[in-house]
Amino acid sequence: MTKPTILVTRRLPVAVEQRLQQDYTAWLNPSDQPYSSAELIAKSQGADALLISLTDRLTADLIQQLPTSVKAIATFSVGYDHIDLAAAHQRQLAVIYTPGVLTEATADATLLLLLGAARRASEGEQLLRSGNWQGIRPTELLGTEVHGKRLGIYGMGRIGQAVAQRARGFMMEIHYHNRHRLPPEREQGAVFHEQVEDLLRVSDFLSLHCPSTPETEGFLNASRIALLPDRAIVINAARGTLIVEDDLIAALRSGKIAAVGLDVYQNEPHVNPALRSLPNTFLLPHLGSATVETRTAMGMLLIDNLNALFAGKQPLNLVKIG
Ligand code: 8YV
């Protein structure tokens, strides 16, 4: 039996590429340069599935131009806002994603952002690297304590809950808003706010953990920022499109927001120069899931799902569409 053919648009961890080459005819991308839409369409000719990442924007237009050989799109991500699901549905494409396996790594990275922003880690590191550090001073780079503060979590899915679990260890008080209230065993004492405005009013720290959808896009804008306590700290390891960056920058400049910890940006890979130059920003280049263990598990999960699909079974991690 001939092996199905998979077009893989980016480099993946070694073990994942090896398994892809074993189980499939895998068209890899050794240069790791993202493909343009035209390249992606051209390279898809004859492929049975595409294994893509966030850097591939699968618009309706692109999906309509994919060859009929393509039966499935597997995305190396838990988010799928880069795929036009309606167009995929119309073409009867299976869309496979990676829920679950990146929860812990992303929650760890969120705490890194939270602590980095609160404790002015970026300023401290720059001072040290510049060679200008004069030795410890009692008033140098004083940050904000996290202990005893209220952490507002917007979106209490898997990652939001894993962040809450870690933040409890830092003695933070957890508040959240979610489409549905969690059962008590998953809430674990966190305070549910049915109205998001009420969550914002109590969030000394606000961390975003919802998917990017037409409803959540631009969620954190000037009017919602105004509801936060003065000198709040904002964390985002979800999607850059959730925040109106110009409004965030204005609040960072005025001091309404004391600091931000960001892993994601409105217009990746372009990062607003103001964010890069402000001292009170702790910035990472979309590293949320970037551990060997997690990135390998993401790849293996996609292969398990593709194997099921090509064996005529129902893959476990299909995005529900239509
Ligand atoms: C990506 C992410 O998976 O899963 C997501 O939705 O945002 C990331 O963890 C990662 O950037 C690899 O493409």
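Throughout, numbering of the chain's residues begins at 1 and tracks the sequence. One-based numbering, in listed order, for ligands and for the atoms of each. These numbers come from the heavy atoms of this one structure, side chains and all, not from hydrogens, waters or symmetry mates.
In this structure, the side chains of Leu93 and Val70 come closer than 4.5 Å at one or more pairs of heavy atoms. No side-chain heavy atom of Tyr80 sits less than 4.5 Å from a side-chain heavy atom of Ile96.
For the residues Asp263, Ile159, Leu12, Val78, the heavy atom positioned nearest atom 4 (O) of ligand 1 is part of Val78.
Atom 6 (O) of ligand 1 has its closest protein heavy atom at Arg239 NH2, 2.7 Å. Of the protein's heavy atoms, Arg295 NH2, 3.6 Å lies nearest to atom 11 (O) of ligand 1. Closest to atom 13 (O) of ligand 1, if we only count protein heavy atoms, is Phe76 O, 3.3 Å. Remark: minimum distance from atom 9 (O) of ligand 1 to any protein heavy atom is reached at Ser289 OG, 2.6 Å. His286 NE2, 3.6 Å is the protein heavy atom nearest to atom 2 (C) of ligand 1.
Shown in contact with Leu102 at under 4.0 Å from a heavy atom are these atoms of ligand 1, numbered in order with element: 4 (O), 9 (O). Taking every non-hydrogen atom of Ser77 and a distance limit under 4.0 Å, the qualifying atoms of ligand 1 come out as 3 (O), 4 (O), 5 (C), 6 (O). Each of the following atoms of ligand 1 lies closer than 4.0 Å to a heavy atom of Leu54: 1 (C), 2 (C), 7 (O), 11 (O). Interface atoms of ligand 1 facing Met298, defined by a heavy-atom separation under 4.0 Å, are 3 (O).
Look at Arg10 and you'll find every heavy atom at least 4.0 Å from all atoms of ligand 1.
Paired with Arg120 under the rule side chain to side chain contact (heavy atoms under 4.5 Å, CB included), one option of Thr144, Leu141, Leu127 passes, and it is Leu141. Each of Asp56, Thr75, Thr55 was compared with His82 under the side-chain hydrogen bond (donor to acceptor under 3.5 Å, both in side chains) criterion, and only Thr75 meets it. Each of Lys149, Arg150, Arg231 was checked for a salt bridge (Lys or Arg N to Asp or Glu O under 4.0 Å) with Asp204, and the lone residue meeting it is Arg150. Residue Asp48 forms a side chain to side chain contact (heavy atoms under 4.5 Å, CB included) with just one option from Thr2, Leu7, Thr5, and that option is Thr5.
Transitive grouping of hydrophobic side chains (ILVMFWY, heavy atoms separated by less than 4.5 Å) brings Ile225 and Leu208 into a common cluster.
Aromatic pair Tyr176/Phe192: ring centres closer than 6.0 Å.
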